[in-house]
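Computed from a predicted structure; not experimentally measured. To find a chain, count down the sequence lines: A is the first, B the second, and so on, and within it residues start at 1.
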Amino acid sequence: MDAIKASDLIRLFETWQSLFAEQRDFLISLDGKVGDSDLGITMSKAFAAAAEVVAAEGEGAGISKLLRTAGATMARTAPSTMGTLTATGFLRASKATEGADVLGTGEAAAFWRAFRDGVAERGKAKLGDKTLLDVLDPIAVALETAAGSGEPLAKALAAASDAAERALEATKSMLAQHGKAAAFQEKTIGLQDAGATVGYFLVRSMAEFADS
Amino acid sequence: MDAIKASDLIRLFETWQSLFAEQRDFLISLDGKVGDSDLGITMSKAFAAAAEVVAAEGEGAGISKLLRTAGATMARTAPSTMGTLTATGFLRASKATEGADVLGTGEAAAFWRAFRDGVAERGKAKLGDKTLLDVLDPIAVALETAAGSGEPLAKALAAASDAAERALEATKSMLAQHGKAAAFQEKTIGLQDAGATVGYFLVRSMAEFADS
Amino acid sequence: MKKFLNDPVNFVDEMLEGIYGAHKELTYVADDKRCMVTAKPKAGKVGIATGGGSGHLPLFLGYVGDGMLDGAAVGGVFQSPSAEQMYQVTKQIDQGAGVLFIYGNYSGDIINFDMAAELADLDGIQVKQVVGNDDVASSVVGEEHKRRGVAGIFFVYKAAGAAAAEGLSLDEVTRIADKARSRTRTMGVALSSCVVPEIGHATFSIGEDEMEIGMGIHGEPGISRKKLAPADKVIDEMMERIFAETDYKQDDNVAVLVNGLGGTPLEELYILFRRVAQLLDQRGVKAKHVWVGEFATSMEMAGASVSVLHLDEELDRLVAAPANTPFFKHCILR
Amino acid sequence: MKKFLNDPVNFVDEMLEGIYGAHKELTYVADDKRCMVTAKPKAGKVGIATGGGSGHLPLFLGYVGDGMLDGAAVGGVFQSPSAEQMYQVTKQIDQGAGVLFIYGNYSGDIINFDMAAELADLDGIQVKQVVGNDDVASSVVGEEHKRRGVAGIFFVYKAAGAAAAEGLSLDEVTRIADKARSRTRTMGVALSSCVVPEIGHATFSIGEDEMEIGMGIHGEPGISRKKLAPADKVIDEMMERIFAETDYKQDDNVAVLVNGLGGTPLEELYILFRRVAQLLDQRGVKAKHVWVGEFATSMEMAGASVSVLHLDEELDRLVAAPANTPFFKHCILR
Ligand SMILES: Nc1ncnc2c1ncn2[C@@H]1O[C@H](COP(=O)(O)OP(=O)(O)O)[C@@H](O)[C@H]1O
Ligand SMILES: Nc1ncnc2c1ncn2[C@@H]1O[C@H](COP(=O)(O)OP(=O)(O)O)[C@@H](O)[C@H]1O
Ligand SMILES: [Mg+2]
Ligand SMILES: [Mg+2]
Ligand SMILES: [Mg+2]
Ligand SMILES: [Mg+2]
């Protein structure tokens, strides 16, 4: 598809919901290695709740309003680190897409830039700290580049997804500085960051969605 | 031997001490079936302490005084049901042997009669209630009969030991009415009573001692 | 065995050293740490003594303090203290008004407390006894004298302790203790065994998905062993036994104690209490005083018990009276 | 998983229903049981709010009451409550004198409390924050800001709560809370894992004969995993870490908290305290206030922690002040 409409966004949230339901146990065990095993639970809860409310709200609300509802719902239902950061991301994306009827490449770039900035501000992590931010930044950068050169949405998101995959791989060599993983120090080296994995999942599934 | 002298009694307590050290785990598991597993611990403690104090007191104290010290020590070191009942038994045996220089058949009969009566009074159990009393009674009766017909000590104690063994066997068909085992009701049927086992051990080892 | 201990033989004595170090309001007599008494005796008051095996903290000694008990004889793990120790405590806490023994219905304790009462009597100390037998699971109706004493003894301590603090006579304190005893019912359920330090392995075994309803606090057998049911169902089954032998009427008041056996988290105890409250509510019975926590444990045993005291006006007042002991505090600050 | 529960999804809410049923002095706002506040607000007093994940009872909500806290936002098991919930609590407990947030140093909580502080600020409510970071094992000296908050937060609540009850200003209460925080050190040791109800299996595995020194209350890794040592040796190792970064002088006073993680019997906690007292004694340091029990747990986790607060005159007075909450009572009756 060329652009994600409000009705598509509702389906995208459904996709995310099933994605995190499927990945629940994987994320539990990933977070369990150097964390507290809750990530699979919070993410599946957050996206189940978000999918439900955006479906209930309906396409008439428009892109920005739907994202805002999704973000506010997540903040309420999954107030863990990742839950609140993801919620903040969607709330900022909502602000950034105010007035937009659809998400084309330009709006997607604005979406992910705002998402990244929100997470950076709220979490105060730096690049290289082995967090979600380490995949959000390349996603935003890839989409900005694509928007600058007028790439169609599906292609732009595919490039962003590839960038996120590489960035996720790169988190393996980083040393965790935040959250529960920070306690594990050297043991985090070699492991991909759990939050970054969620970021990659989000954009990959958005890219696949746009490509379908 | 024909009679147990004060010096023998000290050695008898040593024998009892090693007996209950050996039987510690057996008694723990026996009491564990329908009780709280403590019997092996309390009996080994009680007799270790008693053996030590009677040895320290020395033969000069005489039979009665040694038994009294043993009983008082047991009451202090092992105040469980069986500990206190056994202590009471020795205290009463001490009273019953006042003035006796040795334990011949007559004195042994007095010893065990008093032991039985003390346990009966303190514990308020009836015959057939599946307790220690169910072996103490036949022991006392056998010794009284033997004393009446002038049997030598070793033979009299051997008969008492045999009677105790049969009585112990008979506890298997009884239903526990006292102590922790009473809670197990029907489940106690088929099992020999733990306290009665101790009673049998005591007299058997006294008989073997007199026979050596 | 996964315990914080040094030589298991010293388990009780080292525990007591810790307790005396932490609670200066407790002391001991006869040069024996196991003869615990309050450091602040109250002249003329009826003395209340308890005693029993260790391994049940806060039982028994934990309730020695203002508004509750005056002394406790401390036994080895799951072992009765000796008659001599009980006697020493009794002598110390008698203030001329006599002494009430309150303890649980176990043969070792009975035999020793009886002996201690005889010894005290020789000294001219008046002694009365009330023997807790609240455990519904341990014998049938009509044979209540065979029942074990478990967590419900807390209510007996509380009522008698408050009565003694009010200055009532030995007869009165005994009457009240006995009334609280006779109006208290407890049902317990165990999920896992405890480990006696000197034994070093589990007292009993129980399947990974099993519970035993009615099990005693030393691992004595209960009424039924079955698959662990949802919390509400467990409480339904336990409370049914209690309701079956009590005659609560609409608008009656009760005091409720949801007690953890040691290994069960407080969170779960509240989930259990929630259901107890619902069932009482359905009958129009009011849970006027509620305590949830660990009051009578079996070391690390996982499990819980529910005790219900059927209040009357007198017990209502006494149960709500202030108390201040190392392990139980009930205070109104404003 | 051997727990008393119904649907694991309802674990926290059913627990809360039980808590509200048992403790009428607690209530909630915003029609959300997870927004807990005292039912007896005190006009003009600085409000103190806390919050954090469930599974740590009596932490966090258990200290809401007289002389301690005014409200608590309650999260899912080991999950931060939401910023919205914290904000609702804050709005309710502000009595015009401002609100102090006291909570543990975990990223989820920080992110949400920060958001809540922003929201409250928009309403003109003055908010200050003190973030507990007492766990010595979780980061080195010089990096204390990275340390986790564990049981030692109890001392921060106690001192700040007493200061607020005395009527001090938000700045003063904050200063005192921060002083208590900076003078508190905790070391923990875990023997077994807990089970998060919705996960259903142990969070981590540990050998039958192993302990982990310094493990966090959600199972975060500690300093070393080794064979379980005798109790005295365990304490020696833990206290050494605390002594290494404190400057106790001869005759200084400290407050000590020996905290059980949930599955460890009280008896063992006293055996641990016994050794703590010996070590303090050897240095001429006086354990002026001592608490032993469960103050910050990880559900059924077996283990313990020792927290030491280095007292000065002001903290000495505040720590000893009366308090009356559902889970912590400190009272003088005579
Ligand atoms: N300050 C931070 N800024 C950005 N991301 C963070 C921060 N702290 C943690 N994270 C991310 O959160 C992930 C863990 O999320 P989650 O399991 O929700 O944390 P917790 O269980 O500690 O609340 C980490 O893998 C990391 O990517
Ligand atoms: N009232 C009683 N009279 C005589 N013997 C008793 C009585 N009660 C219990 N016993 C005996 O004590 C034995 C158990 O002893 P012990 O393990 O010391 O009891 P507990 O652990 O309950 O204190 C029983 O096997 C029985 O023989
Ligand atoms: Mg996590
Ligand atoms: Mg026994
Ligand atoms: Mg416990
Ligand atoms: Mg516990």
*Nearest atoms (heavy-atom pairs only) where C/E300 meets D/P265*: N-CG, 3.6 Å
_Neighbours of chain D found in residues 191-206 of chain C - heavy atoms under 4.5 Å_ = C/L191, C/I206
*Atom pair CD (D/E14) and CG (C/D232), whose distance is rounded to the nearest 0.5 Å*: 6.0 Å
*Closest non-hydrogen atom pair, C/E17 against D/Q278*: OE1-NE2, 4.4 Å
*Spacing of C/L5 atom CG and D/L228 atom CG [to the nearest 0.5 Å]*: 8.0 Å
*Between D/V292 and C/A22, which heavy-atom pair has the shortest distance, and what is it?*
CG2-CB, 4.3 Å
*asked:* I'd like to know whether the aromatic ring centres of C/H23 and D/F273 sit less than 6.0 Å apart in this structure.
replied: no
*Between D/A229, D/P326, D/G303, which residue shows the highest count of heavy-atom pairs closer than 4.5 Å to chain C?*
D/G303
*Relative to chain D, which of C/S54, C/P230, C/A231 shows the most heavy atom pairs under 4.5 Å?*
C/A231
*Of all of C/V290, C/D13, C/I19, which one pairs up most often with chain D through heavy atoms under 4.5 Å apart?*
C/I19
*asked:* Counting heavy-atom pairs closer than 4.5 Å to chain C, which one of D/M211, D/R275, D/K2 comes out on top?
replied: D/K2
_Rounded to the nearest 0.5 Å, what separates atom CE in D/M15 from atom CD in C/E267?_
6.0 Å
*Check: D/E268 side chain, C/F4 main-chain N or O, donor-acceptor pair, under 3.5 Å*: yes
*Atom CG of C/L266 and atom CZ of D/F327: how far apart are they, to the nearest 0.5 Å?*
4.5 Å
*For the residue pair D/C331 and C/N324, what are the closest heavy atoms and their distance?*
O-ND2, 2.6 Å
*Check whether D/Y20 gets within reach of chain C through its side chain, its backbone, both or neither, counting any heavy atom under 4.5 Å.*
neither
*Please answer whether the main-chain N or O of D/T264 pairs with a side-chain N or O of C/K3 as donor and acceptor at a distance below 3.5 Å.*
no
